[in-house]
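Structure first, commentary second.
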Amino acid sequence: MAYKTVYEGWKSDPEAFWMQAAEAIDWVRKPGRALNADRAPIYEWFTDAQVNTCWNAVDRHVEAGRGDQLAIIHDSPITHSTKGITYAELQKRVASLAGALRAKGIQKGDRVIIYMPMIPQALEAMLACGRLGAIHSVVFGGFAAQELSVRIDDCTPKAIIAASCGLEPGRVVHYKPLLDKAIELADHKPDFCVIYQREEEVARLIEGRDVAWHTFQYGIEPAECVPVSGDHPAYILYTSGTTGQPKGVVRATAGHLVALNWTMKAIYNIDAGDVFWAASDVGWVVGHSYICYAPLIAGATTIVFEGKPVGTPDAGTFWRVIQNHKVKSFFTAPTALRAIKREDPEGALIDDYNLRSLQALYLAGERADPDTIRWAQRNLRVPVIDHWWQTETGWAIAANPLGIEELPVKVGSPSVAMPGYDVQVLDEGGHPVPAGTLGAIAVKLPLPPGTLPTLWNAEDRFRKAYLTQFPGYYETGDAGYVDEDGYLYIMARTDGVINVAGHRLSTGAMEEVLSNHPDVAECAVIGVADDLKGQTPLGFLCLNKGAVKPHDQIIKECVQLIRDQIGPVAAFKLACVVDRLPKTRSGKILRATMAKIADGVDFKAPATIDDPAILDEIAASLRQIGYPLQKTA
Ligand code: COA
Ligand code: AMP
């Protein structure tokens, strides 16, 4: 009953709960109180404290005698190399980089964009920003120049730190030309760019703007940690919403430290000195919280993995990493396991490795399907823990808190609400529904420390997107239900967000790009079920009357347009031409109905539909491209 006691303890006195958790952090000035509700429903945490993120993630561990312990292990099957960095080395490297950034004018509050692949320098750049109180914004390498430029204009960075290239299997991702193009497209121009030259590709630097990572640190005085107030933004991370304009999720410094540190023990059962591995990317929230910050704040060893679950070189790569580095808790996306399962259905490669160090596998980022969970349970013989969270929350809303109590696993459920989250399922009118009834999932305000206090430069959008629909609650954008035991089931998004290979993408953003094609008059993008990636985007294109090109040609151009403007990560490869789109009488496109037709599941045409006959046309067009897919046994 330990979980219940902890959860009820939080509920009866949230202030005391978080003040207690705050004891584990090194403060420059201790917080006098936890919650600041002065601007409710905008809530902030530990606003009267002074603290530094980098100190808590790096320096304090060196002071405590962990200098010789590995802080980061870089394991790169793509470059066939493995390298460790101790806490003492990390401290030196980060202090030097921060010193060089400071010498070029970076100060507390300045924004710095980081555009880097899975190399330790990405974490060093994040920590160096934290050291100075600069606000970083990491942009995922699979985005195109256009997406990077949108982020440059939104957060107006003084500097951009990038690598010369990223490495995808069989392909070098030329970061530097993408960066140059993004700066050209953006209205805002950074003062300077720092380029980390990788051996695999040395980029041409632009004189007067670009400096090389090593040379600009030469002879520099290392920087000390700069204290910031508890509510100072540690970072901005852009995520997809309903429209093409990404949302800049703000993470405040003190709440981030307190909450992440709490999760390492309570959820992942990790102590200082343990090895923790999240196989994600620093460009996503999982990478921020569980590749970079949380393991380091807790004094653990984190793994930066530059590879894929399959093909680098085979479906045994994950098990090799776990064995070689003695990983205790491992976190990945269900898609990655599905990819492995497809290549190694019996899990034969698992037997080649000694996985005795592994205590549990954690899954998040998308719905974990029961088949995949059972496959992992059967083959790994450790608890398989699905947990549910979002970029906005920065840590799990629901989980099975192994470090508190291992609760019975219910396959298909990410288990129960974590302390800090009062999760409710609401009907359209905002009233809680009984157990077992589907509804919108919302969290009673205030959200706990570590979650977003607002969106960067967009407080109105923050209020409208999250706080308005259900006053007094944060609207998660997910729909689902709670069972009688309080276990949550996350079933679908309520907005235009789809989840492709654990990556969160906006169908609205794709529609904006497609409508720029000269022959496209109107379009809709939906997510259809995909055995490997969970969902995959599918576009419906209505063409202008005068369009003369063959449809195949137009579709090819549209696929290329999304790749060029959003990036390869959108994985947009499917589209069909239709005469008309099904709409309600008020003109709303019926995307959910189209998705049901494409997936071959039962549906009822909404009563508000303008012309039901269009649904037959949609079904016919889908059949031509092979949808609904034939289910394999
Ligand atoms: N930089 C540049 N391009 C990238 C990239 C990056 N960091 N990450 C992905 N891409 C590209 C890929 O090369 C691919 O390009 P292609 O169309 O030229 O082949 C495209 O984006 C789509 O990538 P992805 O969705 O990863 O598909 P894939 O077919 O290459 O791989 C999986 C399939 C299942 C192996 C892969 O999706 C995977 O590892 N998924 C797990 C993802 C994950 O951990 N998510 C967690 C987020 S919390
Ligand atoms: P992101 O912000 O990229 O982390 O994506 C968050 C979204 O991914 C959530 O709102 C859910 O729709 C989905 N998601 C994340 N984890 C889970 C999970 N464990 N089960 C179901 N959906 C999930």
Side-chain angles (χ1 to χ4, degrees), residues 115-118 122 139-144 163 165-175 178 237-241 247 249 278-291 305-312 315 317-318 331-343 362-369 373 385-399 412-415 441 452 475-480 488-495 497-505 530-536 559 562-563 566-573:
Y115 188 52
M116 295 182 105
M118 287 298 289
V139 179
F140 178 62
F143 282 124
C165 68
L167 302 169
E168 283 291 288
R171 176 164 75 95
V172 173
V173 186
H174 310 288
Y175 274 36
L178 285 169
L237 178 58
Y238 288 90
T239 191
S240 303
K247 294 167 167 171
V249 167
S280 177
D281 187 287
V282 281
W284 307 116
V285 70
V286 175
H288 280 62
S289 293
Y290 292 108
I291 295 174
F305 174 72
E306 188 178 33
K308 301 274 172 179
V310 292
T312 59
T317 282
F318 276 8
F331 180 164
T332 189
T335 302
L337 288 190
R338 285 196 294 269
I340 293 172
K341 182 167 113 208
R342 203 163 65 168
E343 298 220 344
Y362 292 82
L363 297 175
E366 60 183 316
R367 193 177 137 71
D369 55 289
I373 294 183
I385 295 180
D386 179 16
H387 59 329
W388 166 59
W389 48 298
Q390 317 182 303
T391 304
E392 288 85 344
T393 64
W395 60 283
I397 308 168
S413 164
S415 301
I441 309 184
L452 82 172
E475 187 187 359
T476 64
D478 283 314
L488 275 159
Y489 292 78
I490 313 301
M491 305 310 287
R493 290 285 305 190
T494 55
D495 54 12
V497 167
I498 58 171
N499 202 312
V500 181
H503 305 142
R504 175 168 160 180
L505 298 167
D530 183 273
D531 276 352
L532 175 66
K533 298 193 174 188
Q535 282 185 302
T536 193
V559 166
I562 297 235
R563 193 174 172 92
I566 297 181
V569 66
F572 181 85
K573 299 203 165 128

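Computed from a predicted model, the values in this text were never measured in an experiment. Remember, it's 1-based here, ligands and their atoms both numbered in the order they're listed.
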Heavy-atom check, side chain of S280 versus side chain of I291, under 4.5 Å
yes

Sub-3.5 Å N/O-N/O distance, R171 and ligand 1
yes

Any side-chain heavy atom of T239 sitting closer than 4.5 Å to one from L237?
no

Which of the atoms of ligand 1 are close to G141, meaning less than 4.0 Å from one of its heavy atoms?
1 (N), 2 (C), 6 (C)

Tell me: protein heavy atom nearest atom 45 (N) of ligand 1, and distance?
A501 O, 3.7 Å

Give the minimum heavy-atom separation between P334 and A364, together with the two atoms involved.
CD-O, 3.5 Å

Just to confirm my output: which protein heavy-atom neighbour is closest to atom 34 (C) of ligand 1, and how far is it?
T335 CG2, 3.3 Å

Does any N or O of ligand 1 fall below 3.5 Å from an N or O anywhere on W284, backbone included?
no

Contacting atoms of ligand 1, where contact means under 4.0 angstrom from a heavy atom of V569:
21 (O)

Where is the nearest protein heavy atom to atom 22 (C) of ligand 1: which residue, which atom, and how far?
P568 O, 3.6 Å

Can a protein heavy atom be found under 4.0 Å away from atom 29 (O) of ligand 1?
yes

Would you check if V497 and L505 make a side-chain contact, meaning some heavy-atom pair closer than 4.5 Å?
no

Top protein contact for atom 8 (N) of ligand 1, by heavy-atom distance:
F140 CZ, 3.4 Å

Heavy-atom side-chain proximity of V286 to Y362 below 4.5 angstrom
no

Find all atoms of ligand 1 within a distance of less than 4.0 Å from any non-hydrogen atom belonging to K573, and give their numbers and elements.
17 (O)

Heavy-atom closest pair, residues G142 and P568:
O-CD, 3.2 Å

Less than 4.5 Å apart, any side-chain heavy atom of E366 and any of H503?
no

Best match, A333, A339, G287: closest heavy atom to atom 43 (C) of ligand 1:
A333

Output yes when a side-chain donor or acceptor of S240 lies under 3.5 Å from a complementary backbone atom of R504, and no otherwise.
yes

Main-chain N/O of V173 paired with E168 side-chain donor or acceptor, under 3.5 Å:
no

Report the residues that fulfil side chain to side chain donor-acceptor pair (under 3.5 Å) with Y238, sequence neighbours left out, ordered by chain and then residue number.
D154

Donor-acceptor pair, distance only, cut-off 3.5 Å: does the side chain of E343 make one with the backbone of V310?
no

Just distances here: any N/O of T332 and N/O of ligand 1 closer than 3.5 Å?
no

The single option from H288, M118, E306 passing side-chain contact (heavy atoms from CB on, under 4.5 Å) against D281
M118

Under 4.0 Å to a heavy atom of S280 - the qualifying atoms of ligand 1, by number
46 (C), 47 (C), 48 (S)

Give a yes/no on ligand 1: does K533 have at least one heavy atom closer than 4.0 angstrom to it?
yes

Pick one of side chain, backbone, both or neither for how A279 approaches ligand 1, counting any non-hydrogen atom pair under 4.0 Å.
backbone

Counting only non-hydrogen atoms of the protein, does one fall under 4.0 Å from atom 15 (O) of ligand 1?
yes

For P309, take its heavy atoms, then give the atoms of ligand 1 lying under 4.0 Å from any of them.
35 (C), 39 (O)

Enumerated ligand 1 atoms positioned under 4.0 Å from heavy atoms of V286:
48 (S)

Any protein heavy atom lying closer than 4.0 Å to atom 36 (C) of ligand 1?
no

Show your working on salt bridge (charged side-chain N to carboxylate O under 4.0 Å, His left out) between D369 and R338 and close with a plain yes or no.
CA-CA 9 Å; D369 55 289; R338 285 196 294 269; 2.7 Å; yes

I'd like the atom pairs linking ligand 2 to the protein - N or O on both sides, separation under 3.5 Å - with distances to 0.1 Å.
| residue | atom | partner | partner atom | Å |
| --- | --- | --- | --- | --- |
| ligand 2 | 2 (O) | T391 | N | 2.8 |
| ligand 2 | 2 (O) | T391 | OG1 | 2.5 |
| ligand 2 | 2 (O) | R504 | NH1 | 2.7 |
| ligand 2 | 8 (O) | G365 | O | 3.4 |
| ligand 2 | 8 (O) | N499 | ND2 | 3.3 |
| ligand 2 | 10 (O) | Q390 | NE2 | 3.0 |
| ligand 2 | 10 (O) | D478 | OD1 | 3.4 |
| ligand 2 | 10 (O) | D478 | OD2 | 2.6 |
| ligand 2 | 10 (O) | R493 | NH1 | 2.6 |
| ligand 2 | 12 (O) | D478 | OD1 | 2.6 |
| ligand 2 | 12 (O) | D478 | OD2 | 3.4 |
| ligand 2 | 16 (N) | G365 | N | 3.1 |
| ligand 2 | 19 (N) | D386 | OD1 | 2.8 |
| ligand 2 | 19 (N) | H387 | O | 2.8 |
| ligand 2 | 20 (N) | E366 | O | 3.4 |

Could you check if a side-chain atom of Q535 sits within less than 4.5 angstrom of a side-chain atom of R493, using non-hydrogen atoms only?
no

For K308, take its heavy atoms, then give the atoms of ligand 1 lying under 4.0 Å from any of them.
8 (N), 9 (C), 26 (O)

Can you tell me the protein heavy atom closest to atom 18 (O) of ligand 1 and the distance?
R563 NH2, 2.8 Å

Do T332 and L363 have side-chain heavy atoms sitting under 4.5 Å apart?
yes

Is there any N or O on E168 that sits under 3.5 Å from an N or O of ligand 1?
yes

Find out whether D478 and Q390 are in side-chain contact, i.e. whether some heavy atom of one side chain is under 4.5 Å from a heavy atom of the other.
yes

Sidechain-backbone polar pair: S289 side chain, G394 backbone, donor-acceptor under 3.5 Å:
yes

Just one of W395, Y290, W284 clears the ring-ring contact (aromatic ring centres under 6.0 Å, His included) bar with W389, so which one?
Y290

Considering all protein heavy atoms, does one lie under 4.0 Å from atom 32 (C) of ligand 1?
no

Please could you name the atoms of ligand 1 that G142 approaches to less than 4.0 Å, counting only its heavy atoms?
1 (N), 2 (C), 3 (N), 4 (C), 5 (C), 6 (C), 7 (N)

